[in-house]
Every structure is written in C-alpha cells, then in structure tokens.
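Per chain, numbering begins at 1; letters A, B, ... match sequence-line order. Since the structure is predicted, the reported quantities are computational estimates derived from the model, not experimental observations.
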Amino acid sequence: MEDDRSFSAVEAKWQEFWRREGTFAAENGGDCPPYYVLDMFPYPSGTGLHIGHPEGYTASDILARYHWALGHNVLHPMGWDAFGLPAEQHAVQTGTHPALNTAQNIEKFRGQIRRLGFAIDWSREINTTDPHYYRWTQWIFLQLFRHGLAYVDERPVWWCPQLKTVLANEEIVDGRSERGNFPVERRPMRQWILRITAYAEQLLQGLEGLDWPDSTKRQQIAWIGRSEGAEIDFPLAGLEDPIRIYTTRADTLFGVTYLVLAPEHPALERIVAPGQLAAVEDYRRQAARKGDLERTDLAKEKSGVPTGAQARHPLTGEPIPIWVADYVLGAYGTGAVMAVPAHDGRDFFFAQRHGLPVLPVVWPKDGDGDGGLPYCGPGVLFASEEFSGLSSEEGRAAIVRRLEELGLGRAAVNHRLRDWVFSRQRYWGEPVPIVWVDGADFSAIAANPASPFAEFLPEKPVRALREGREIFAVPLPAGQLPLLLPAVESYLPSDDGESPLARAQDWVGVDLNPESGELRPAGGEGPPAGWIRGRRETNTMPQWAGSCWYHLRYLSPHCSERLVDPAAEAYWRVPNFYIGGAEHAVLHLLYARFWHRFLHTIGAVGTAEPYPRLFHQGLILGEDGNKMSKSRGNVVNPDEVIGRYGADALRLFEMFLGPLDAVKPWDTRAIGGIDRFLKKIWRWCLDEGGQFSQKFSADPCDGSRTQRLLHETIATVRRDIEALHFNTAISQLMILLNHLQRLERVERATALAFLQLLAPFAPHICEELWQRAGESPSIARAPFPVPDPVKLHCETAKILLQINGRLRGDLTVPVDLPAGEVLRLARLHPRVEPHLMEREIVKEVYVSGKVVNFVLR
RNA sequence: GCCCGGGUGGCGGAAUGGCAGACGCAGGGGACUUAAAAUCCCCUGGCCUUUGGCCGUGUGGGUUCGAAUCCCAUCCCGGGCACCA
C-alpha cells in the first residue's frame with residue numbers, strides 16, 4: 001500500500017463504516033432469500049484468540065459476504081460459550097466472581113474478532129452466562145424434566161480428585177481428564193442424568209439426510225453403536241429369576257461353557273455360593289476402584305472369580321457355571337454375557353486363563369479363518385441339535401425363534417450410547433432449577449394441578465435419598481426463571497464433592513408457596529403456614545448445555561417471551577452452513593442434535609435437525625509441523641500478524657495455506673507473498689496521488705483474451721467459493737491480476753469486477769479501492785459478477801497429440817473441425833509424422849476437442 | 001486390534017481418467033539504484049549425448065488407447081474407536 005502502515009487506518013475506517021451503517025444487519029423477514037451461516041462460538045479464554053479461530057471465521061465470513069453479494073439476507077452472528085472451568089479456576093485463585101473475568105475475556109475476544117473485519121451482525125451477540133440467555137437453557141431443562149427425560153440416579157461416575165468434580169465419559173481420555181490430564185476414579189454419586197438413549201434411534205437415523213463429513217457421521221454412528229441381537233434367559237437352579245444375557249451370536253448358543261456377570265450386576269448378591277462370598281465381594285471392591293486405564297492394562301490378563309452358582313442351559317438343560325469378571329460391562333446390555341470361548345476372543349482368553357472348557361460349534365466355510373480357535377466369523381453350525389447344518393445367520397434366527405416359543409429369549413436391540421450425566425459440582429454453570437422437598441409436601445403439590453409448581457411436574461416423580469430420607473424434585477415454575485447464581489464467599493468445591501453453591505446457605509434453604517408459586521429464603525424454625533420448606537439443587541449444568549441450542553437464540557436474541565420467536569424461527573429455520581472444529585464430532589454435535597430433536601418433539605421448533613450442513617476446518621499447526629503450544633514455543637499470535645500485515649492479509653493467507661479441511665503448518669515467510677499481492681493490487685489500482693488510475697477506461701479496450709480470463713475467473717471464484725476451495729479461488733485471482741497488471745489500459749468494469757471477486761476474502765482494501773473508484777459503498781452489497789458465456793467462448797481448441805499415450809505435441813484447430821480432419825492434421829504434425837513412418841497404426845483415438853492418441857504396433 | 005483419511009519438487013499445495021507440479025514460498029540470474037530495500041523481467045523436478053530424449057506423484061502388480069487420479073496388494077504417516085458380547 002502507500003506505506004507500510006496505511007492498511008491499519010483503512011481497515012479501521014471500514015470496520016467503523018460497517019458498524020455505523022449496519023451493513024450486515026440481518027432482517028427477520030423480507031423478500032430476499034435467507035441465508036444463515038454459523039460458526040461454532042468460542043469459549044472466551046484468557047489468552048485471547050489463537051490463530052485457528054480466524055480460519056473458520058474467515059471461511060464463514062467469505063460465505064456470508066458472498067451471499068450478501070448474491071442479494072441474500074444473511075445472518076452471520078457471533079456469541080460466547082462462556083460458562084466453564086477456566087473462569088471458575090481463575091475465580092478460585094483470585095476470589096473474584098467468574099462473571100468479571102468472563103466479561104474481560106469477552107471484551108478482548110470481541111475486540112480481536114472485530115479487527116478481523118467479519119460481516120457479523122453484532123446486534124445479535126449472545127452470551128451463555130447472561131441470565132437472559134440461561135433462563136431459556138433452564139427452561140429447556142425443565143421441559144426435559146417434565147417429559148421424563150431428566151432423572152436422578154446414584155451411580156458410579158468419574159470423579160477427578162484434582163478438579164474436584166465429576167466428569168462425563170466424553171470428558172475422559174485414556175483414563176485421565178480431558179482438561180488438565182489428571183487421573184480419575186470411580187465414585188458413586190447422585191447425579192442428574194438426561195435420557196439421551198431414548199433418542200438413540202432417531203439420532204442414528206437422522207444422520208442419513210445430513211450433509212456432513214463422512215468421518216463425523218461415522219463417529220456418531222459408532223458412538224451410538226446400534227447392535228442387533230437377542231436376550232436369552234439362563235434359568236437358575238432355585239426359584240430365582242433367571243440370568244438374562246445379551247448376545248449378537250445366538251447361533252453359538254450350544255458352545256456356551258460358562259456365564260459372566262459384570263461386577264456391578266445386581267443378581268450377584270442373591271446367587272453367590274456361601275463359600276465364594278468373600279472372594280466375590282473382594283473382587284467387586286477391586287473392580288469398583290479401577291479406572292479405565294487399569295482395566296485396559298489388565299485386559300490381557302482377564303481377571304475374574306467363580307461365583308459357585310450354576311445356571312442351566314436354556315435348550316440343553318446342562319449346568320453352566322457363573323463367573324464374575326470385569327471384562328463384562330455393567331452398563332451395557334444386561335450386564336451379563338454367555339461365554340462361548342470357541343467363538344469369541346475375549347471368552348477364549350478368559351477360558352484359557354481359568355481352565356474353562358472350549359466347545360466349538362461353528363465350522364468356518366472354506367477359506368475363512370486360519371483353522372485355529374477362537375473362530376469369530378460366520379460359518380455352519382454343528383453339535384447344535386436340530387440347528388446343526390444351518391448357517392450362522394439361519395441358526396441365529398432359528399434359535400431365537402425356538403427360545404421365544406419357550407419364553408426364554410427374544411430378539412433385542414442395544415445401543416452403546418449411555419445416558420448423559422448432566423450435573424457438575426461447580427459454580428460457573430447454569431443452576432438446575434429444582435427444589436427438593438419431602439414426601440408429604442410433594443404429595444400436596446402433586447395433588448394440586450393448579451399450583452405453579454405443577455407446571456413442569458413429570459408423570460413419574462423424580463426422587464432421591466438424602467441422609468436416609470426420601471426427597472422429591474419440584475421444578476420451578478417458568479415465571480421463576482432465570483434462577484440466578486447466588487453469591488458465594490468461596491468458589492472452591494467442598495472435598496465431599498458438594499457444589500460451591502451449597503455454601504450459599506441462605507440461598508439453598510428456601511420456602512415455597514404452592515398456591516402462589518412464590519419462593520423466599522427459608523427463615524426461622526419452620527416454614528410459615530401454607531408454605532413448604534425445601535432445599536435447592538446445588539449442582540449446575542455442564543458447559544455443553546448452553547451450546548445445545550444457541551443456533552436458535554441468534555434468531556431472536558432479545559425475545560423475552562420464548563426461547564425463540566416463532567416468526568423468526570419459521571423464517572430462518574436452521575443454519576444453511578455450520579463450521580467448526582472436528583473435535584466436537586460427537587460431543588457438542590450429538591448433544592445439540594438431541595436437544596433440537598427434543599424441542600421439535602414438543603413443538604418448540606419446526607425442524608428435527610439443527611445442522612443440515614456441517615464442515616470442519618482443519619487444524620493449523622506451528623511452523624515446525626507440531627500442534628501449537630506454549631511449551632513448544634511455536635504459537636503464532638494473530639494480533640501480531642494483523643499488526644504487521646493487516647486483517648486482509650491474515651484472512652487471505654489463512655485461506656491460501658491449503659484446503660480448508662486439511663491440517664496444515666503455518667508458514668511465516670509465505671505470508672510475504674500475500675502481502676505482495678495486496679500491495680500489488682493497491683499500486684495497480686491507484687496512481688501516485690492515490691486516485692483511481694487513469695489507465696482504467698470506460699471504453700471496451702480489454703481484448704477477448706483478457707475478457708475470457710476475467711470471465712473464467714468469475715466462474716472459477718464462484719464455483720470455488722461454493723465448494724469451499726478458497727485456496728484455488730485466490731490463486732485464480734492472482735493469475736488474473738498478474739495478467740492485468742501487464743496491460744497498459746484496462747476496462748474500468750474489469751477492475752471493478754476484480755475488486756468484487758476479491759472482496760469476500762479481503763474486504764477492507766476492496767471497499768477502499770471501490771470508493772476511490774467513485775463507486776458508492778458498500779462493495780459488499782453490490783451484485784456479484786456473473787460469468788458471460790459469450791465471453792467464455794473460444795473459437796479454437798488445443799488438441800493434445802499422443803503416441804501410445806505419450807505426449808508428443810499439440811495442435812490448435814477450430815473448435816468445430818470434423819474428427820477426420822483433426823486426425824489428418826495430427827498425422828502430418830512434425831512431431832508425430834516421423835513416428836508413423838516406421839510403424840503401423842493399430843488404433844486412432846480422438847476425444848473431441850481434447851486429445852488424439854495413435855496406438856502403434 | 002478395528003474403522004477412516006492421506007503419501008505429488010527444497011516447502012505449502014494444484015491437477016479426480018487426457019499437458020504432472022497451477023498459484024505462492026524458498027533459491028538462482030538480470031534490470032533499476034552510488035548502495036540497499038522495494039519493484040519489474042527471466043530461470044528453477046531429476047538425469048542424458050539438450051531445437052531432442054529418458055525417468056518421475058511411497059512401493060509392487062493390474063485395468064485402460066491413456067492412470068497422481070480407478071482396482072488389488074504392501075509400507076509409512078495422521079485421525080477416530082478400543083473388552084459394547
């Protein structure tokens with residue numbers, strides 16, 4: 001540019017212009033087609049934006065600006081996913097309220113994002129920690145509660161002693177906490193749990209219609225883990241209930257040599273033989289302490305102990321010993337399996353270790369298997385009574401049918417997906433809007449449908465035990481939302497895992513009036529007449545909660561009557577395009593689908609799926625090819641890049657690095673090429689006085705070659721933007737500029753079209769040059785160039801000439817020259833003719849307008 | 001172990017059945033300049049007997065008139081899942 005620093009003034013000028021003019025304010029209605037493009041909103045960390053943020057945001061911004069230029073009404077919002085652990089840890093350390101730190105971080109993020117010049121409608125900014133926002137997060141929770149999808153259970157959960165909190169399965173990687181990498185252990189605790197498993201089939205089937213990366217779909221499919229099999233009952237010797245197992249291999253039923261129960265299996269207490277009681281109890285205690293890591297480590301060993309009890313085979317009546325072993329999971333299927341060591345690897349190793357018999361009942365077909373055991377593939381049954389001779393598939397069906405007749409089995413479907421542990425023992429999250437009361441008081445509320453507290457009561461009460469007494473969950477009425485976070489003196493969780501909210505004693509104790517729906521702090525010995533004394537739930541929601549529905553809040557962020565204004569929701573529906581990191585492939589993206597589907601079920605939204613089109617931008621690595629990290633010292637700071645080269649350069653460069661979804665290393669030197677490109681544009685457009693250059697002419701002076709290149713570029717840039725091939729779109733613009741800058745005169749319209757094509761990528765410089773050309777701002781709203789087929793047309797075609805597929809030359813001919821004539825000219829070509837002298841032509845291939853190939857003997 | 005994705009110059013990458021290496025970086029040469037920076041022009045996969053030819057997209061096969069591109073095998077790198085019966 002004019003000098004090294006002028007871009008900063010230009011960029012600030014246009015950012016201010018867009019803000020002042022409301023250039024990118026989306027209307028909730030109108031005649032223009034709506035286009036909604038959504039970024040995964042950031043967690044505003046204290047360290048500010050990292051270099052990966054602008055990658056996804058620039059990509060979505062290019063789409064937003066492209067659609068504005070196509071005349072669409074574009075919604076491109078931004079907000080903050082601001083509940084979470086780092087702010088809470090900061091609060092623990094400093095004693096200041098996490099809201100303060102969060103506000104500062106948001107301020108910083110907003111400033112950084114604004115300096116990138118995105119076409120964001122800032123009037124729709126949202127923040128998950130804003131009570132006007134989380135009021136509706138709480139409302140959705142109450143709806144889930146009312147529909148029986150939120151319940152409480154005492155169950156072993158992952159407890160992290162360092163973080164002093166419970167973690168979800170998804171937050172644990174290799175037996176350690178995802179955040180902080182601390183060891184975790186099992187601990188039984190009362191938890192709020194969301195019944196996501198009720199949506200397992202929907203979540204699975206709904207994937208089919210989505211335009212998502214295949215790998216992400218596959219991950220969700222694997223996570224949901226649908227499995228078709230059978231439940232089979234193995235009767236016990238006495239009169240007790242049978243042991244029910246789940247298997248996908250009912251065809252191997254005659255190969256069962258023992259049963260295995262998970263250590264958590266509830267029947268164990270009833271069935272263990274007196275002599276084995278101590279051993280089994282000991283084993284269960286050990287297993288309960290184990291984390292994933294240990295269980296994996298011990299996998300080769302396959303520990304277990306006999307229970308001394310026996311079941312009977314449902315078809316043969318043979319006695320089958322029952323073992324307990326932690327290679328069977330309590331939380332999957334029925335928590336019990338039939339062991340067929342001949343046809344299952346795990347059962348085989350266990351049987352070897354513990355000296356249990358191995359009984360083969362499936363022949364591999366020719367070519368399958370290596371002849372040894374275990375053989376885990378399909379085959380032909382033998383030693384299986386009347387089922388012998390059937391294929392595995394037929395055998396499975398026949399055996400299940402037989403069991404059904406006997407009342408000892410049935411086909412069954414299982415999912416690997418577990419219900420979602422939804423409570424956290426933390427301060428900085430949405431308070432769960434529930435009050436716990438005792439049985440008699442609850443009956444009074446339940447008996448009075450007119451009570452405001454009955455608004456969200458489920459059909460089946462949610463109950464729990466507290467200090468040996470049964471307590472009941474009472475949902476707050478909608479009118480009591482938002483339930484604000486109370487002030488506390490310390491943000492530390494207590495050692496026994498109680499949330500910091502439990503420290504707010506005048507908040508936890510509460511009196512409620514079932515008639516009026518009023519609540520007030522509990523005072524005195526007991527509640528006043530007509531009031532009920534309760535204790536507030538002190539757990540908060542996990543960070544995932546706020547991001548489960550934020551795509552809806554942007555549609556009407558200031559609506560105070562509902563989570564989303566129905567007219568706005570009917571107009572925008574769901575994002576046309578959603579972009580964010582692949583690390584959210586199963587967590588956020590599955591939870592959000594669950595909530596959105598639930599909201600659809602209860603009629604709150606008109607769509608079943610929230611994100612019909614999804615894309616993951618690839619990671620940007622450090623220059624050394626490693627993930628950027630402070631410890632490696634390879635972190636690139638976007639502020640520094642903007643300070644030195646400007647936002648346009650950073651945007652262009654990140655898009656030029658390579659394919660959007662690829663993992664690619666940063667290259668500090670290469671940004672110089674983008675810097676040169678921008679400076680070249682500036683010099684090319686302006687004369688020395690900074691005026692739009694005299695070389696641009698209103699007359700048609702371009703010539704057909706220039707015009708063809710321009711229209712090829714228009715077509716390419718449009719196609720590439722739509723396909724998200726931003727790197728090649730930028731290449732094409734460089735090719736065009738390299739051509740144009742050599743010309744003495746250029747049509748003004750050509751220069752303006754070039755600026756328009758570049759504007760989605762580098763909006764500031766294009767606005768400035770557009771204005772200096774005398775056009776009225778904003779370039780962002782000027783109709784995007786359209787390729788002209790007439791200009792694209794070429795009279796001649798270049799034909800490649802090959803001998804035996806090897807390139808020997810080329811030939812330029814009129815496009816409509818007949819094939820015979822092309823072949824005649826090709827045979828006479830000086831680079832071709834000598835080859836034809838010596839050898840016989842076996843075959844002539846002519847692909848019209850492209851290539852001639854002579855196949856010689 | 002299972003399921004994906006990917007291997008192309010010194011580097012990022014382009015080409016998805018028809019000119020391998022577009023575009024950019026780095027490197028070399030030249031112009032301008034007292035000089036430097038900036039800018040502009042040219043060269044830049046390897047080899048040879050250089051107006052030409054041979055080799056070349058991880059490796060080995062195959063399909064095809066023609067393969068970086070499709071198929072089979074194999075090696076390496078990256079990601080996901082990992083006792084789910």
Run the side-chain hydrogen bond (donor to acceptor under 3.5 Å, both in side chains) test against A:Gln732 and tell me which residues pass, sequence neighbours left out. A:Thr713
Applying a 3.5 Å limit to both distances, which nucleotide forms a Watson-Crick or G-U wobble pair with B:U16? none
Say we look at B:U64 and B:C11: how far apart would their C1' atoms be, to the nearest angstrom? 35 Å
Starting at the 5' end of RNA chain B and moving along, which residue's nearest nucleotide shows up first, A:Gly225 or A:Val845? A:Val845
Where the side chain of A:Arg808 is concerned, which of B:A85, B:G53, B:C81 is the nearest nucleotide? B:G53
A:Met734 CE to B:C23 P, in whole Å, measures 10 Å
Expressed as a whole number of Å, how far does the C1' atom of B:G7 sit from that of B:C83? 33 Å
Mind checking the C1' distance from B:U8 to B:A20? Whole angstroms is fine. 8 Å
Is the count of non-hydrogen atoms from other residues, nucleotides or ligands lying under 6.0 Å from A:His725 atom NE2 greater than 12? no
If only side-chain N and O atoms of A:Tyr327 are considered, is one of them under 4.0 Å from the OP1 or OP2 phosphate oxygen of B:A85? no
Nearest-angstrom distance, C1' atom, B:G21 to B:G13: 9 Å
Between B:G60 and B:C75, how far apart are the two C1' atoms, rounded to whole Å? 11 Å
Under 3.5 Å for both donor-acceptor distances, Watson-Crick or wobble: does B:G1 have a partner, and if so which one? B:C81
Any N/O pairs under 3.5 Å between the protein and nucleotides 2-5 of chain B? List them or say none.
residue, atom, partner, partner atom, Å
B:C4, O3', A:Arg218, NH2, 3.2
B:C4, O2', A:Arg218, NH2, 2.8

B:C54 -> Watson-Crick or G-U wobble partner, both distances under 3.5 Å, gives B:G46
Between A:Gln732 and A:Ala336, whichever has its closest RNA chain B nucleotide further toward 5' is A:Gln732
Nearest to side-chain heavy atoms of A:Leu807, which nucleotide of B:C65, B:C83, B:C19: B:C19
Calculate the interatomic distance between A:Arg226 atom CZ and B:C81 atom C1'; express it in whole Å. 20 Å
Enumerate all atom pairs, one protein N or O and one N or O from nucleotides 8-15 of chain B, separated by less than 3.5 Å.
residue, atom, partner, partner atom, Å
B:G12, O2', A:Leu657, O, 2.6
B:A14, OP1, A:Asn727, ND2, 2.9

Looking at A:Ser693 and A:Cys685, would you say the former's side chain and the latter's main chain have a donor-acceptor pair under 3.5 Å? no
Identify, with sequence neighbours excluded, every residue that meets side-chain hydrogen bond (donor to acceptor under 3.5 Å, both in side chains) alongside A:Thr668. A:Glu623, A:Trp666
Which glycosidic conformation, syn or anti, is assigned to B:U44 if syn requires a torsion within 90° of zero? anti
Quote, to the nearest angstrom, the P distance that separates B:C43 from B:C55. 26 Å
Do the side-chain N or O atoms of A:Arg244 get closer than 4.0 angstrom to the phosphate oxygens (OP1, OP2) of B:A85? no
Taking every heavy atom of A:Phe656 against every heavy atom of A:Asn727, the minimum-distance pair comes out as CD1-O, 3.8 Å
Is it the case that the side chains of A:Asn853 and A:Lys843 hold a donor-acceptor pair, with the cut-off being a distance below 3.5 Å and no angle test? no
In whole Å, I'd like the distance from the NE2 atom of A:His584 to the P atom of B:G80. 13 Å
Quick check for you: among B:C19, B:A82, B:C23, whose closest atom lies nearest to any side-chain atom of A:Ser731? B:C23
Indicate whether OP1 or OP2 belonging to B:U51 is found under 4.0 Å from a side-chain N or O atom of A:Arg831. no
Begin with the C-alpha distance, continue with both residues' side-chain angles, and end with the deciding distance and a verdict on salt bridge (charged side-chain N to carboxylate O under 4.0 Å, His left out) for A:Arg410 and A:Asp233. CA-CA 9 Å; A:Arg410 63 217 59 85; A:Asp233 296 338; 3.1 Å; yes
Using a 4.0 Å heavy-atom cut-off across all strands, classify A:Gln219 as base, sugar-phosphate, or nothing. sugar-phosphate
Between B:G78 (P) and A:Glu583 (CD): distance, integer Å: 19 Å
Length of the line joining A:Met655:CE and B:C23:C1', which is rounded to integer Å: 16 Å
What does A:Asp344 touch in the nucleic acid at a heavy-atom separation under 4.0 angstrom: a base, only the sugar-phosphate, or nothing? nothing
When you check the glycosidic angle of B:G52, does it come out syn, meaning within 90° of 0, or anti? anti
Pairwise C1' distance, B:C70 and B:C54 [rounded to whole Å]: 27 Å
Do A:Glu583 and A:His588 pass the side chain to side chain donor-acceptor pair (under 3.5 Å) test, and can you show the C-alpha distance, the side-chain angles, and the key distance before you say yes or no? CA-CA 9 Å; A:Glu583 66 273 19; A:His588 157 62; over 6 Å; no
Please determine, for B:U39, whether a Watson-Crick or G-U wobble partner exists with both distances under 3.5 Å, and give it or none. B:A31
Where is the tightest heavy-atom contact between A:Val842 and A:Leu856, given as atom of each residue plus distance? CG2-C, 3.9 Å
Looking across every strand, which nucleic acid part, if any, lies under 4.0 Å from A:Val855 by heavy atom: base, sugar-phosphate, or nothing? sugar-phosphate
Minimum-distance nucleotide (side-chain atoms of A:Leu800 versus B:A85, B:G18, B:C81): B:G18
Take the protein atom CZ of A:Phe234 and the nucleotide atom P of B:A85, then report the distance between them rounded to whole Å. 17 Å
Just by modelled atom types, is the A:Arg831 backbone N or O under 3.5 Å from a matching donor or acceptor in the A:Arg808 side chain? no
Heavy atoms of A:Arg249 and A:His343 approach each other most closely as NH1-O, 4.4 Å
When you get a sec, tell me which of B:G18, B:C83, B:A85 is the closest nucleotide to the side chain of A:Asp326? B:C83
Whole-Å C1' distance, B:G9 and B:G46: 10 Å
Are A:Tyr258 and A:Phe350 near enough that their ring centres are under 6.0 Å apart? yes
Between B:C23 (C1') and A:Leu709 (CG): distance, integer Å: 13 Å
Write down the distance between CD (A:Glu231) and P (B:A85), rounded to a whole number of angstrom. 13 Å
Salt bridge (charged side-chain N to carboxylate O under 4.0 Å, His left out) for A:Lys664 and A:Glu55? Distances and angles first, verdict last. CA-CA 11 Å; A:Lys664 47 213 176 267; A:Glu55 189 188 16; 2.6 Å; yes
With 3.5 Å as the limit, what N/O pairs link the protein to nucleotides 37-44 of chain B?
residue, atom, partner, partner atom, Å
B:U39, O3', A:Arg683, NH2, 3.2

Counterpart residues, side-chain hydrogen bond (donor to acceptor under 3.5 Å, both in side chains), relative to A:Thr197 (two or more places apart): A:Asp419
Sidechain-backbone polar pair: A:Arg226 side chain, A:Val413 backbone, donor-acceptor under 3.5 Å: no
